[in-house]
Amino acid sequence: MFAAETVSMSDLLLIKDFLHPLSVSVILNDEELNEAQLGNHIDAFVSEFPDLDRADVVLVGITEERGTGNGVSLSLAPDIIRKSFYRLFNWHPDVRLADVGNIRAGATLNDTYAAARTVLAELQAHGKTVVVLGGSHDLTLAQYGAYVQRKQIIEASCVDAFINLGTGTSLRSENFLMEMLTGEPNFIRQYNHIGFQSYFVHPQMLQTMDRLRFDCFRVGMVKEHLEEMEPVIRNSQLLSIDMTAVAHAYAPANRTSPNGFTGEEMCTLTRYAGLSEALTSLGIYGYNPQNDVDELSAIQIAHMLWYFIDGKYKARSEAALTERHAFNEFHTLFNEVDALFLQSKKTGRWWMQLPNQKFIPCSAEDYRLASHNEIPERWLRAQERDV
């Protein structure tokens with residue numbers, strides 16, 4: 001794994017060859033931006049490449065859709081999302097943003113994967129959190145490939161109505177998880193699938209995921225206990241979101257299902273992502289402007305991004321676990337295990353200690369179960385994976 005301090009600005013400038021700069025019209029959209037709007041606070045690649053040394057979060061767009069069988073997309077999906085995002089008001093000036101434009105589509109789908117992988121790996125090696133906009137969900141392979149390139153073992157999470165493990169299809173958007181989760185060498189320590197809709201998923205897929213000790217959360221369960229996803233996402237380095245997970249009423253461009261997450265629930269999930277100190281890449285895929293109504297889906301994604309930045313801002317107030325004065329400590333005994341739970345006085349988040357003395361993210365519900373002499377499933381699954 002590269003250390004951030006070993007990568008110079010000149011190294012980052014090399015990725016410029018893989019990128020298309022933005023048009024001024026994308027930023028201004030024929031209107032004057034207020035000084036307080038985000039567009040005036042994002043260092044965007046228009047004529048000059050951004051000074052990434054100053055950026056905390058870097059936006060990059062992808063228009064590749066050959067993984068769906070539709071050919072190279074000519075849509076401006078990332079730019080339409082930008083138009084809505086740039087117009088939101090900036091409440092978090094301490095979180096510095098840059099936008100490096102759109103990754104050039106390669107001659108083949110694999111060429112685009114390689115370009116995206118290179119760009120993301122260089123940005124992450126320089127200590128940046130990368131947000132990928134646009135393209136089909138199989139671009140998650142390129143997002144994951146950035147970690148493979150750096151030989152970094154990660155925990156990955158996907159928010160998707162489907163579990164893309166299809167073995168009877170050649171479409172990358174429907175089978176990319178097979179390569180990601182079973183390919184060699186493999187750098188996935190743990191995988192979490194959030195929001196699958198049962199009627200879209202073969203029952204055997206869930207059995208396969210369980211045998212691999214991976215966790216899958218049905219959309220109904222997540223909606224009822226949304227706060228239980230915060231520890232899941234907090235421990236992830238990679239988060240990939242397919243807009244099929246959002247109900248049509250909240251994202252009209254999604255013509256897959258009338259069911260799914262509400263707009264507010266998606267904003268909560270991306271805020272959890274921003275709160276994660278571990279997370280270094282967020283991808284939001286599957287937005288098709290041709291199916292959108294009044295660009296409402298783009299506006300929804302823009303709001304999700306705003307809450308991601310809000311989470312990044314709030315995370316700065318969190319103390320390190322070694323600063324015990326910043327945490328409430330709770331000792332409890334369950335199943336003859338003497339367990340220690342920590343609750344942050346600043347953010348209210350929880351951690352629990354495993355028998356190996358390692359702390360993992362958890363929830364208030366985990367502590368409640370332990371205090372009633374019940375084994376929290378999160379604790380049990382963590383133990384199973386360590387065997």
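Nothing fancy with the numbering, it's 1 onward along the sequence. Basis for what follows: all heavy atoms, side chains included, without hydrogens, waters or symmetry-related copies.
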*Asks:* Looking at every heavy atom in both R234 and W350, which two are closest together, and how far apart are they?
*Replies:* NH1-O, 2.9 Å

*Asks:* Measuring from atom CG of L171 to atom CG of N164, what distance do you get when rounded to the nearest 0.5 angstrom?
*Replies:* 10.5 Å

*Asks:* Keeping the roles fixed (side chain from T280, backbone from T129), state whether a donor-acceptor pair exists under 3.5 Å.
*Replies:* no

*Asks:* Using side-chain heavy atoms (C-beta onward) and a distance below 4.5 Å, is V132 in contact with I62?
*Replies:* yes

*Asks:* Is the shortest side-chain N to carboxylate O distance from R316 to D94 below 4.0 Å?
*Replies:* no

*Asks:* Is it the case that over 12 heavy atoms from other parts of the model lie below 6.0 angstrom from the CD atom of Q290?
*Replies:* no

*Asks:* I need the minimum non-hydrogen distance between Q149 and A121, along with the two atoms involved.
*Replies:* NE2-CB, 3.7 Å

*Asks:* I'd like to know if R349 pairs up with E318 as an ion pair, taking the criterion as any Lys NZ or Arg NE/NH1/NH2 lying under 4.0 Å from an Asp or Glu carboxylate oxygen.
*Replies:* yes

*Asks:* In the single-linkage hydrophobic clustering (I, L, V, M, F, W, Y; side-chain heavy atoms under 4.5 Å), do F187 and M178 co-cluster?
*Replies:* yes

*Asks:* Specify the closest pair of heavy atoms between F18 and A115, including all atoms of both residues, with the distance to one decimal.
*Replies:* CD2-CB, 3.6 Å

*Asks:* For the side chain of R96 and the backbone of P93, is there at least one donor-acceptor N/O pair under 3.5 Å apart?
*Replies:* no

*Asks:* Cluster question for you: counting only ILVMFWY and a side-chain heavy-atom cut-off of under 4.5 Å, with indirect links fine, are L354 and L369 together?
*Replies:* no

*Asks:* Using the side-chain contact (heavy atoms from CB on, under 4.5 Å) rule, take L340 and H331 through it: C-alpha gap first, then chi angles, then the decisive distance, then the call.
*Replies:* CA-CA 5 Å; L340 171 62; H331 291 266; 3.5 Å; yes

*Asks:* If every non-hydrogen atom of F327 is compared with every non-hydrogen atom of W351, which pair is closest and at what distance?
*Replies:* CE2-CZ3, 3.6 Å

*Asks:* Donor-acceptor check, side chain of Q197 to backbone of N259, threshold 3.5 angstrom: yes or no?
*Replies:* yes

*Asks:* For residues F85 and W91: do they belong to one hydrophobic cluster (side chain heavy atoms under 4.5 Å, members Ile, Leu, Val, Met, Phe, Trp, Tyr)?
*Replies:* yes

*Asks:* Any Lys/Arg nitrogen of K128 or E122 sitting under 4.0 Å from an Asp/Glu carboxylate oxygen of the other?
*Replies:* no

*Asks:* For the pair D99 and Y86, evaluate side chain to side chain donor-acceptor pair (under 3.5 Å) and give the outcome as yes or no after the intermediate values.
*Replies:* CA-CA 11 Å; D99 190 336; Y86 279 36; 2.6 Å; yes

*Asks:* Considering only heavy atoms from C-beta outward, does the side chain of V219 approach that of F196 to under 4.5 Å?
*Replies:* no

*Asks:* Decide salt bridge (charged side-chain N to carboxylate O under 4.0 Å, His left out) for R104 and D111; before the verdict, give the C-alpha distance in whole Å, the side-chain angles of both, and the deciding distance to 0.1 Å.
*Replies:* CA-CA 10 Å; R104 298 176 185 272; D111 289 338; over 6 Å; no

*Asks:* Checking side-chain contact (heavy atoms from CB on, under 4.5 Å) for the pair L19/V60: CA distance, chi angles, key distance, verdict?
*Replies:* CA-CA 9 Å; L19 298 161; V60 59; 3.9 Å; yes

*Asks:* Please report the interatomic distance CG(L238) to CD(Q143), rounded to the nearest 0.5 Å.
*Replies:* 4.0 Å

*Asks:* Under 3.5 Å, side-chain donor or acceptor atoms of residues 293-305 against the rest of the protein: list the pairs with distances, not counting sequence neighbours.
*Replies:*
from	atom 1	to	atom 2	distance (Å)
S297	OG	A253	N	2.9
S297	OG	D292	OD1	2.9
Q300	NE2	G263	O	3.2

*Asks:* For a side-chain hydrogen bond (donor to acceptor under 3.5 Å, both in side chains) with T244, tell me which candidate from N254, T256, D160 qualifies.
*Replies:* D160

*Asks:* Is V201 reachable from L212 through a run of I, L, V, M, F, W or Y residues, each pair having side-chain heavy atoms under 4.5 Å apart?
*Replies:* yes

*Asks:* Is E65 reaching over with its side chain to a backbone N or O of T63, donor-acceptor style, under 3.5 angstrom?
*Replies:* no

*Asks:* Go through K314 and D310 one step at a time and tell me if the salt bridge (charged side-chain N to carboxylate O under 4.0 Å, His left out) criterion holds.
*Replies:* CA-CA 6 Å; K314 296 293 196 306; D310 182 65; 2.8 Å; yes

*Asks:* Side-chain heavy atoms nearer than 4.5 Å, only ILVMFWY residues, links allowed to pass through others: does that put I241 and M221 together?
*Replies:* yes

*Asks:* From M229 CE over to I194 CD1, what is the distance, rounded to the nearest 0.5 angstrom?
*Replies:* 6.0 Å

*Asks:* If you measure from CG on N235 to OG on S276, what distance do you get to the nearest 0.5 Å?
*Replies:* 7.5 Å

*Asks:* For T268 and R271, what are the C-alpha separation, side-chain angles and deciding distance, and is it a side-chain contact (heavy atoms from CB on, under 4.5 Å)?
*Replies:* CA-CA 5 Å; T268 299; R271 187 175 184 273; 5.6 Å; no

*Asks:* State yes or no: are the ring centers of W379 and F334 separated by less than 6.0 Å?
*Replies:* yes

*Asks:* Is there a donor-acceptor pair closer than 3.5 Å between any side-chain N or O of R150 and the backbone N or O of A146?
*Replies:* no

*Asks:* Just say parallel, tilted or perpendicular for the rings of Y367 and F341, cut-offs at 30° and 60°.
*Replies:* perpendicular

*Asks:* Which heavy atom of P231 sits nearest a heavy atom of S363, and at what distance?
*Replies:* CG-N, 3.9 Å

*Asks:* Let me confirm one number: the CG-CE distance from L342 to M352, rounded to the nearest 0.5 Å.
*Replies:* 12.0 Å

*Asks:* For Q37 and R87, indicate whether the former's side chain and the latter's backbone hold a donor-acceptor pair under 3.5 Å.
*Replies:* yes

*Asks:* Hey, can you tell me if F49 and F45 have their rings parallel, tilted or perpendicular (30° and 60° cut-offs)?
*Replies:* perpendicular

*Asks:* Decide if atom CD of E377 counts as having more than 12 heavy atoms of other residues, nucleotides or ligands within a radius under 6.0 Å.
*Replies:* no

*Asks:* Does any non-hydrogen side-chain atom of V159 lie less than 4.5 Å from one of M266?
*Replies:* yes

*Asks:* One pair to check against side-chain contact (heavy atoms from CB on, under 4.5 Å): V246 and M243. What are the steps and the verdict?
*Replies:* CA-CA 6 Å; V246 190; M243 289 301 290; 3.8 Å; yes

*Asks:* Are more than 12 heavy atoms from other residues, nucleotides or ligands located less than 6.0 Å from atom CD of E323?
*Replies:* yes

*Asks:* Is D56 paired with K312 through a side-chain N to carboxylate O contact shorter than 4.0 Å?
*Replies:* no

*Asks:* Return yes if some donor-acceptor pair links the side-chain N/O of K345 with the main-chain N/O of H325 below 3.5 Å, else return no.
*Replies:* yes

*Asks:* Using every non-hydrogen atom in the two residues, find where L133 and P78 come nearest and quote the distance to one decimal.
*Replies:* O-CG, 3.5 Å

*Asks:* Write out all pairs satisfying ring pair (Phe, Tyr, Trp, His ring centres under 6.0 Å) with one or both partners inside residues 135-166, taking only residues at least two apart or from two chains.
*Replies:* H137-F176, H137-Y285, F162-F200

*Asks:* Distance-only, no hydrogens or angles: does the T270 side chain make a donor-acceptor pair with backbone N or O of C267 under 3.5 Å?
*Replies:* yes

*Asks:* Can you say whether the rings of Y191 and F214 are parallel (under 30°), tilted (30 to 60°) or perpendicular (over 60°)?
*Replies:* perpendicular

*Asks:* Under the ring pair (Phe, Tyr, Trp, His ring centres under 6.0 Å) definition, can you give me all pairs with a residue in residues 237-276, not counting sequence neighbours?
*Replies:* none

*Asks:* Taking N102 for the side chain and H20 for the main chain, is one N or O donor matched with an acceptor at less than 3.5 Å?
*Replies:* no

*Asks:* Charged N to carboxylate O below 4.0 Å: is that the case for R66 and E64?
*Replies:* yes

*Asks:* Determine, for E374 against R368, whether the closest basic-nitrogen to carboxylate-oxygen distance falls under 4.0 angstrom.
*Replies:* no

*Asks:* Can a donor-acceptor pair be found between the side chains of S136 and D138 at a distance below 3.5 Å?
*Replies:* yes

*Asks:* Is it true that a side-chain atom of K16 and a backbone atom of V100 form a donor plus acceptor pair closer than 3.5 Å?
*Replies:* no

*Asks:* If I take atom CG from residue L52 and atom CG from residue D43, how far apart are they, to the nearest 0.5 angstrom?
*Replies:* 7.5 Å

